[in-house]
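Right, one structure below, let's go through it.
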2 protein chains.
Amino acid sequence: MQRVTIAQVSERAGVSTATVSRVLSGRGPVSAAVQRRVRQAAEELGYQVNTIARALRNSRTDTVGMVVPSISNPFFTSLVESVEHVLEREGKELFLSDARSDPAIEARRLASLAARNVDGIIVSPSHGTESGPAVQETADRLPLVQLDRFVGGTNTDWVGVDDVAAMRLVMDHLHEGGARSAAFVGSLLTNSSTEQRFAGFRRRAEELGMSVDPDQVLLGDYSVDWGEAAAARLVDTGDLPDAIVCADDLIALGVTRACRAHGVEVPGRVQVTGYDNIEFSRLGEPALTTVDQPRDRIAEEAVRLLAAASRTKETDRGPSAHIALVPTLVVRDSTRAGS
Amino acid sequence: MQRVTIAQVSERAGVSTATVSRVLSGRGPVSAAVQRRVRQAAEELGYQVNTIARALRNSRTDTVGMVVPSISNPFFTSLVESVEHVLEREGKELFLSDARSDPAIEARRLASLAARNVDGIIVSPSHGTESGPAVQETADRLPLVQLDRFVGGTNTDWVGVDDVAAMRLVMDHLHEGGARSAAFVGSLLTNSSTEQRFAGFRRRAEELGMSVDPDQVLLGDYSVDWGEAAAARLVDTGDLPDAIVCADDLIALGVTRACRAHGVEVPGRVQVTGYDNIEFSRLGEPALTTVDQPRDRIAEEAVRLLAAASRTKETDRGPSAHIALVPTLVVRDSTRAGS
DNA sequence: AACTTCACTGCAATCGATTACACAGGAGGC
DNA sequence: GCCTCCTGTGTAATCGATTGCAGTGAAGTT
């Protein structure tokens, strides 16, 4: 399929392959006349570099791999979009893989990306502990940055938001709206996102004197279905809290939907908050109050860290960087606006 | 980074690189004793093939490229998921690119995938005509299948659903629910999806004797925002049709949202339908009646066609295959249940 | 006993681009 | 006039895995 090679171009231009390579990659001195001849020959033959051959020689592919827990979660797709934007500016490509929230699949994906000689890997680990070995192993072989979520016990760079600070914003806002008790609906505490968010939730609730019934901390997974089920359970107990804090927007969408189905007014009877500010969060009924993550900044930092890691030798890398960006609260209609 | 090579393994096992390669790739006869030695040496050194080198030699990468108009459209991400599933079974990887609905970006992505020697490309072209040259050019160089959308004037395989048949289902259902007039909200007629769906809509409306006001055919883009804007415009004219048929679910979600905002009852005053059956379609208020595309089947067929194309020589490929699968109607609450 | 046949293994070419090294010829310095 | 330096170009090695070809020795045939 790949027909035209540098050899054919060199023949047509009447020069050596070395010269053609020098012209086309812009390295090394070549006289203007020869440059023209080579370029024209390349043009006429429709030459295109064979990136495979180049990669073998340079051991550089100008490709970054990215692994996310779930490509169907809009938050991750928007993160992917941001990363792709940034990479494009650098002339790099993105190789995207979906781990389907399964550490085993994730490990395979990471190995496969490493085998394909990507220049670096951006990963949002599926599991807070089980993802550890594969991530560490990969990080030992090539530059790796964790994004959004992170896995314990590894020594890699990380970029994300300060979940604890975010929850402080959320809780203060709810408190201001009159909430004195709150429930938490998240995924199982097996990933850093829910873990951190729950920690922030619990701490600020305590500081504000808001009551949290241990039975009203419901953990399932990041899905609308789980949000609906959890809300139904809360309603059934007949003891609704003043607010339901959700670990992400999908859950929150499920919660508000179930509330509507059960005739529980939001935010009249109960306030609800999400997290991530996915596009659909404003489509809920009512539109969700949520936490916005600065995706572009996150992507920017991640790519920067990767580039930095590529430049330094593995051995003299300093301690890993942990960059926590500051999220913002987006107030919509699922909470009572504080005056 | 890539440390262990076949040469080191061969040295440790006391054989030639040729033998190592034969053992590891399972080709050619090797005595059991040597096999053991080689495998053990490979194991001990933690050898992993360098896929780049292999790809250069074999001119096969076991990688398929996929280009979609927008990775943030849930329909495409679910299509990607299906394709990835199927490819995994075949031991192939997916290289995903986002064209951001821009034929120019799309062309770059296609070229870049081709340069990376993917074994084949699956593309859902962004534009019904402007995507043509790049798609055709790429198809001339390697196996290519169009998915869902297609571009005119090219000679490639295509897999998708029968949009016209789908619209027949939709219109019959609406008619049964009492609709005698209908509006159509889609994207500009610059991609085959809207084009086909609109054609199907118009034809069946005529057959059923439903009236379609030319001013009530509104074309924008595939987004919730456009759906909202279009519905607002329809409401403002004060002359609402009995039904609003949307070219995709995002638009339909926007339409129902705007209806709610304007106090127009769905399906009481106006029935609304979507297309694609994305996960969020059931989260609308009311839940959307929509058309479900058999994504897994589509993915399956696409991969099958690619594989077939790879096996045959370019020159003796037969005429291109066009496979239109049959979609199904998913009836929810945005239409009036028939009978 | 001479001749095939076959399993096994190694040598070396190959894929296509890059680049260290060598070399030619001209410019400039003394 | 001789030496150095620089520009411009070619030759050939290199990246790592695969494979056609050839060679070796053992088993099987007549």
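Chain identifiers are assigned alphabetically (A, B, ...) following the order of the sequence lines, protein sequences preceding nucleic acid strands; residue numbering begins at 1 within each chain.
Atom CG in A:Asp62 sits roughly 16 Å away from atom P in C:dA17 (whole-Å rounding). Atom CG in A:Leu56 sits roughly 13 Å away from atom C1' in D:dT18 (whole-Å rounding). A straight line from CZ of A:Arg116 to C1' of D:dA17 spans 15 Å, rounded to a whole angstrom. Between the CG atom of B:Asn58 and the P atom of D:dT18 there is a distance of 6 Å, given to the nearest Å. Rounded to an integer number of Å, the gap from CZ of B:Arg60 to P of C:dT14 is 21 Å.
No option in B:Ile121, B:Val64, B:Val159, B:Val303 other than B:Val159 meets the side-chain contact (heavy atoms from CB on, under 4.5 Å) test with B:Val145.
For residues 62-71 of chain B, the side-chain hydrogen bond (donor to acceptor under 3.5 Å, both in side chains) pairs, not counting sequence neighbours, are A:Arg116-B:Thr63, B:Arg60-B:Asp62, B:Ser70-B:Ser72.
Under 3.5 Å, the side chains of B:Asp119 and B:Ser310 contain no donor-acceptor pair of N or O atoms.
Looking at A:Arg57, its side chain comes within 3.5 Å of the base of D:dT14 through a donor and an acceptor atom.
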Contacts under 3.5 angstrom, residues 87-99 of chain A side chains, donor-acceptor by atom type, not counting sequence neighbours:
unit_1	atom_1	unit_2	atom_2	d
A:Glu88	OE1	B:Arg100	NH2	2.9
A:Glu88	OE2	B:Arg108	NH2	2.8
A:Arg89	NH2	A:Glu300	OE2	2.9
A:Glu93	OE1	B:Ser112	OG	3.3
A:Glu93	OE2	B:Ser112	OG	2.9
A:Asp98	OD1	A:Arg100	N	2.7
A:Asp98	OD2	A:Ile71	N	3.4

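Looking at every heavy atom in both residues, A:Ala324 comes nearest to A:Val161 through CB-C, 4.4 Å.
Contact annotation: A:Arg27 does not reach the phosphate of C:dT18 (side-chain N/O to OP1 or OP2, under 4.0 Å). In this model, the phosphate group of C:dG16 is not approached by any side-chain N or O of A:Thr5 to a distance below 4.0 Å at OP1 or OP2.
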I'd like a table of atom pairs between the protein and nucleotides 6-10 of chain D - only N or O on both sides, under 3.5 Å - with the distance next to each one.
unit_1	atom_1	unit_2	atom_2	d
D:dT9	OP1	A:Ser31	OG	3.1
D:dT9	OP2	A:Ser31	N	2.8
D:dT9	OP2	A:Ser31	OG	3.2
D:dG10	OP2	A:Ser16	N	2.9
D:dG10	OP2	A:Ser16	OG	3.0
D:dG10	OP2	A:Thr19	OG1	2.6
D:dG10	N7	A:Arg22	NH2	2.7
D:dG10	O6	A:Arg22	NH1	3.4
D:dG10	O6	A:Arg22	NH2	3.2

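A:Ser124 pairs by the side chain to side chain contact (heavy atoms under 4.5 Å, CB included) definition with A:Pro69, A:Phe76, A:Asp148, A:Arg149, not counting sequence neighbours. Residues satisfying the side chain to side chain contact (heavy atoms under 4.5 Å, CB included) test with A:Ala7, not counting sequence neighbours, are A:Thr5, A:Thr17.
Salt bridge A:Arg141/A:Glu137: absent, no basic N to carboxylate O contact under 4.0 Å.
Annotation: the terminal axes of the helix from C:dA1-D:dT30 to C:dC30-D:dG1 meet at 50°, where each axis is the rotation carrying the C1' atoms of four end pairs onto the next four (5 pairs per end, rounded to 10°).
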